[in-house]
Protein chains: 2
Amino acid sequence: MDQVSQQKSPAARRPTIADIAKIVGVSKVSVSNALNGQPGVSDATRAKVVAAAEELGFVRNSAARALSGAKAAAVGLALCRPARMLGTEPFFMELIGGIEKVLSDASYSLALQVVPDHDRGLEAYRRWWGERHIDGAILVDLRENDARVPALEEMGLPTVVIGHPSGAGTLTPVWSDDAAAVRETMEYLAALGHQRVARVAGLTGLVHTSLRDHAFAEACADLGLQAQPVVHTDYTGEEGARATRRLLLSAGRPTAVLYDNDIMAVAGLSVAQEMGLQVPRDLSIVAWDDSPLAQVVRPPLTALSRDIHAYGANAARTLLALVTDRRAAGYEDLAPRLTPRGSTAPPAA
Amino acid sequence: MDQVSQQKSPAARRPTIADIAKIVGVSKVSVSNALNGQPGVSDATRAKVVAAAEELGFVRNSAARALSGAKAAAVGLALCRPARMLGTEPFFMELIGGIEKVLSDASYSLALQVVPDHDRGLEAYRRWWGERHIDGAILVDLRENDARVPALEEMGLPTVVIGHPSGAGTLTPVWSDDAAAVRETMEYLAALGHQRVARVAGLTGLVHTSLRDHAFAEACADLGLQAQPVVHTDYTGEEGARATRRLLLSAGRPTAVLYDNDIMAVAGLSVAQEMGLQVPRDLSIVAWDDSPLAQVVRPPLTALSRDIHAYGANAARTLLALVTDRRAAGYEDLAPRLTPRGSTAPPAA
DNA sequence: GCCAGGCGCTTAACCGATTAACTACCGAGA
DNA sequence: TCTCGGTAGTTAATCGGTTAAGCGCCTGGC
């Protein structure tokens, strides 16, 4: 009786190459070769094998395959954000969409984990790599002196860093020239006649934040604009609103604000309107990252648009190359381009 | 020379239980038992094994483990959305955040794939399950007569459906009572004195859309409100804006609109303001799903809020129970609750 | 007529862990 | 003294594939 209960129900057993081999009347190896397009199998045999596999509904057991040294056909992404912040940012969903597109065309899948901090993220990468769940990884939210970079280098995990080469160590970077975008924006605002431009930035410590901070300060100096405070936030609408309120109440308030994402820009727009300021007459607003959101508000926001989907796709393509050839060149994507809309104009008076 | 090149570089080889066995001087089996907390190993031996494993940086090869019948410790989610729509909806990111939270606490990971349509989604589930990559699945965007339901049933893949039981077949549903939320909202609007309430709905064919449509029609009838058109959209701000424009230009325009998500509600708000209507004096707006976005616009939007993070967490918990015990009860989450804010008021005259 | 070489297929060994079955030993109870 | 039972370990077989090596057989070139 015990033996019966230990036996798997027949329906539950999934067909293996051995089953196919028995049906066709050849060895396991021939079946394996036939199904994998390896040479050494006659067309007739191959056809019979394929037919039998089809009929049995055969699916490769990738565990067994992996055990014999095959690829995992997956890459990992540990997204390090407090859960609360995830929903608000369109950026990552679009990025993931782009990554996914390329991966699934190559029959790769994406292992995704949302983690609260970088340590947990590193842990996820380590586990995936150790367990051979993934062949490569994508690193986002690059911080200055990011501890994950040397750790991943040491692990030998093929990794693409979404972020500036300066912080990527020997890992392969995929990035866009944020400094150029800041410069372009500042020149545009200066040309409109703005003298006091403020910046509502994202998290300090992130490489791209400080790159933009830098470029912002430099542009102010070069263009002879008055130094305005840079306010750092956590990217949420709430903090964007608070930062805006503070800026607009300060003496010598700015006539233009550059926001580090569109959520904050929209929040800032609301605050300005609430305070009785007209946009763009009294305040010009520029959003970093363009999304439908930036276009549906009134006035529609002048934004630094970039094709995030393509950005993700390029990262995935680079990673696939890295996984396959063990090496790949970094990739510089297009710089975000300024898309003027109704939220920017010369300052009144 | 050929032999040399075939040999793996020594650094690349990862330690196995055999290596540990050799060091400690016991058999592989004892190492396995020691590391898994199985009985039959003395404390002294166990300690030595653990120490050696630590020192070697041993990580279990889960492929080998899976081959011996272990769980994959992962669940799958094929997100079926055109890429373009992903970024705009906070819903899924929050949902995934909630799912992830529970999964990662249980050391499970999430296999995510973004697919263009349901067929490709089903394909992904089939592949994952066939390859033993996942132990269970989560199904979202449930359609009426969804072909994926019978397919997953037949595959025997433990699945939690996020959606109403009526469409889930024998799969385990996790849902919330949308009809009740619609009723509550309509009663509230009727109590404010609205006679003409319109609805800007999501995609037709989705189970929850038609449930809401139904509840909407029923509530109109019960409350003696004038029948107003229901406009179906693809959830984007653009379509939300267009639908709103159409509604506001129609004869006997509505005094209140219920939107199926917050993006469209925000877009609708902008359209109304653009057309010179005051919200809420001339038009009341209610958004389905509350997000920071709904709160940062002016006026802040009255919304049907629900804890999406918790919703995802409950789904994941249910799935884990299903995977572990091969059975689990469905779970009805809290109905979305109406959160009145500044966008609703009695209609002007 | 002999050998080289390619084709189609086979057997053997292996990947790294798990489970089953069996052995050796020690102490306690009859 | 013999047996029973439990502990701590062993060896062998298994999961489902892949790779390496080898074996007939046929063809073609000299």
Side-chain angles (χ1 to χ4, degrees), chain A residues 2-3 5-8 12-50 52-53 56-73 129-133, chain B residues 2-8 12-49 52-53 56-73 129-133:
Chain A
D2 272 359
Q3 286 144 334
S5 72
Q6 277 164 19
Q7 186 190 327
K8 300 251 167 67
R13 243 201 97 252
R14 295 169 164 272
T16 71
I17 54 168
D19 298 325
I20 300 177
K22 206 182 305 168
I23 291 180
V24 179
V26 294
S27 70
K28 286 198 316 178
V29 175
S30 293
V31 174
S32 171
N33 287 333
L35 293 174
N36 291 320
Q38 296 296 109
V41 187
S42 68
D43 288 351
T45 304
R46 192 182 302 271
K48 276 193 278 185
V49 166
V50 169
L56 263 60
F58 170 78
V59 194
R60 254 185 211 81
N61 182 328
S62 72
R65 179 173 242 208
L67 196 49
S68 305
K71 294 221 170 291
W129 181 233
E131 295 182 344
R132 283 92 170 157
H133 264 325
Chain B
D2 272 357
Q3 286 145 334
V4 171
S5 72
Q6 277 164 20
Q7 186 190 327
K8 299 249 164 68
R13 240 199 101 253
R14 293 165 168 273
T16 71
I17 55 170
D19 298 325
I20 300 177
K22 206 181 304 170
I23 292 180
V24 179
V26 293
S27 70
K28 285 196 321 179
V29 175
S30 293
V31 173
S32 172
N33 287 333
L35 292 174
N36 290 319
Q38 296 296 111
V41 187
S42 69
D43 288 351
T45 304
R46 193 183 302 271
K48 276 192 279 185
V49 167
L56 263 59
F58 170 78
V59 193
R60 252 186 213 78
N61 181 329
S62 72
R65 183 173 236 209
L67 198 49
S68 305
K71 295 219 169 293
W129 180 233
E131 295 181 345
R132 281 90 169 161
H133 261 326

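We use all heavy atoms of the structure for the numbers below, so side chains are in, but hydrogens, waters and symmetry mates are not. Sequence lines set the chain letters: A, B, ... in the order given, protein chains first and strands last, and positions in each chain run from 1.
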What's the spacing between B:Asn33 CG and B:Ser27 OG if we round to 0.5 Å?
-> 8.0 Å

Please report, rounded to the nearest Å, how far the P atom of D:dA8 is from the CZ atom of B:Arg46.
-> 9 Å

State whether A:Ser27 places a side-chain N or O below 4.0 Å from either non-bridging phosphate oxygen (OP1 or OP2) of C:dT10.
-> yes

Please report, rounded to the nearest Å, how far the C1' atom of D:dT18 is from the CG atom of A:Leu35.
-> 13 Å

Closest of D:dG9, C:dG16, D:dG17 to the B:Val41 side chain is D:dG9

Do B:Asn61 and B:Thr16 come within less than 4.5 Å of each other through their side chains, counting heavy atoms only?
-> no

Supply the atom-to-atom distance B:Arg46 CZ to B:Asn36 CG, rounded to the nearest 0.5 angstrom.
-> 9.5 Å

Which heavy atom of B:Ala21 sits nearest a heavy atom of B:Lys28, and at what distance?
-> CB-N, 3.8 Å

note: B:Leu67, atom CG; D:dG17, atom C1'; distance rounded to Å ~ 8 Å

Of the listed nucleotides D:dT18, D:dG16, C:dT10, the one nearest the side chain of A:Asn36 | D:dT18

Let me know the distance between CG of B:Asn33 and P of C:dT18, rounded to the nearest Å.
-> 8 Å

Which residue lies toward the 5' end of DNA chain D, B:Ala64 or B:Asp43, if each is placed at its nearest nucleotide?
-> B:Asp43

Are A:Val26 and A:Lys48 side-chain neighbours, meaning at least one heavy-atom pair lies under 4.5 Å?
-> no

If only side-chain N and O atoms of A:Ser32 are considered, is one of them under 4.0 Å from the OP1 or OP2 phosphate oxygen of D:dG16?
-> no

For B:Lys28 and C:dT18, what is the distance between atoms NZ and P respectively, to the nearest whole Å?
-> 10 Å

Nearest of D:dT18, C:dG16, D:dG16 to any side-chain atom of A:Arg65?
-> D:dT18

Contact class for A:Ser42 (heavy atom, under 4.0 Å): base, sugar-phosphate, or nothing?
-> sugar-phosphate

Starting at CD of A:Gln38 and ending at P of C:dG8, how long is that distance when rounded to a whole Å?
-> 14 Å

Contact class for B:Val26 (heavy atom, under 4.0 Å): base, sugar-phosphate, or nothing?
-> sugar-phosphate

Can a side chain N or O of B:Thr45 be found less than 4.0 Å away from OP1 or OP2 on D:dG9?
-> yes

From CG of B:Leu56 across to C1' of C:dG16 the rounded distance in Å is 15 Å

If an axis is fit to five pairs at each end of the helix from C:dG1-D:dC30 to C:dA30-D:dT1, what is the angle between the two, to the nearest 10°?
-> 60°

Please state how far atom CZ in A:Arg60 lies from atom P in D:dG16, giving the value in whole angstrom units.
-> 15 Å

Would you check if B:Gln38 and B:Val29 make a side-chain contact, meaning some heavy-atom pair closer than 4.5 Å?
-> no

Closest to the B:Val29 side chain: D:dT10, C:dA17, C:dC9?
-> D:dT10

Within a strict 4.5 Å, meaning less than it, do heavy atoms of the A:Val24 and A:Val31 side chains meet?
-> no

Sub-4.5 Å side-chain heavy-atom contact between A:Ile23 and A:Leu56 | yes

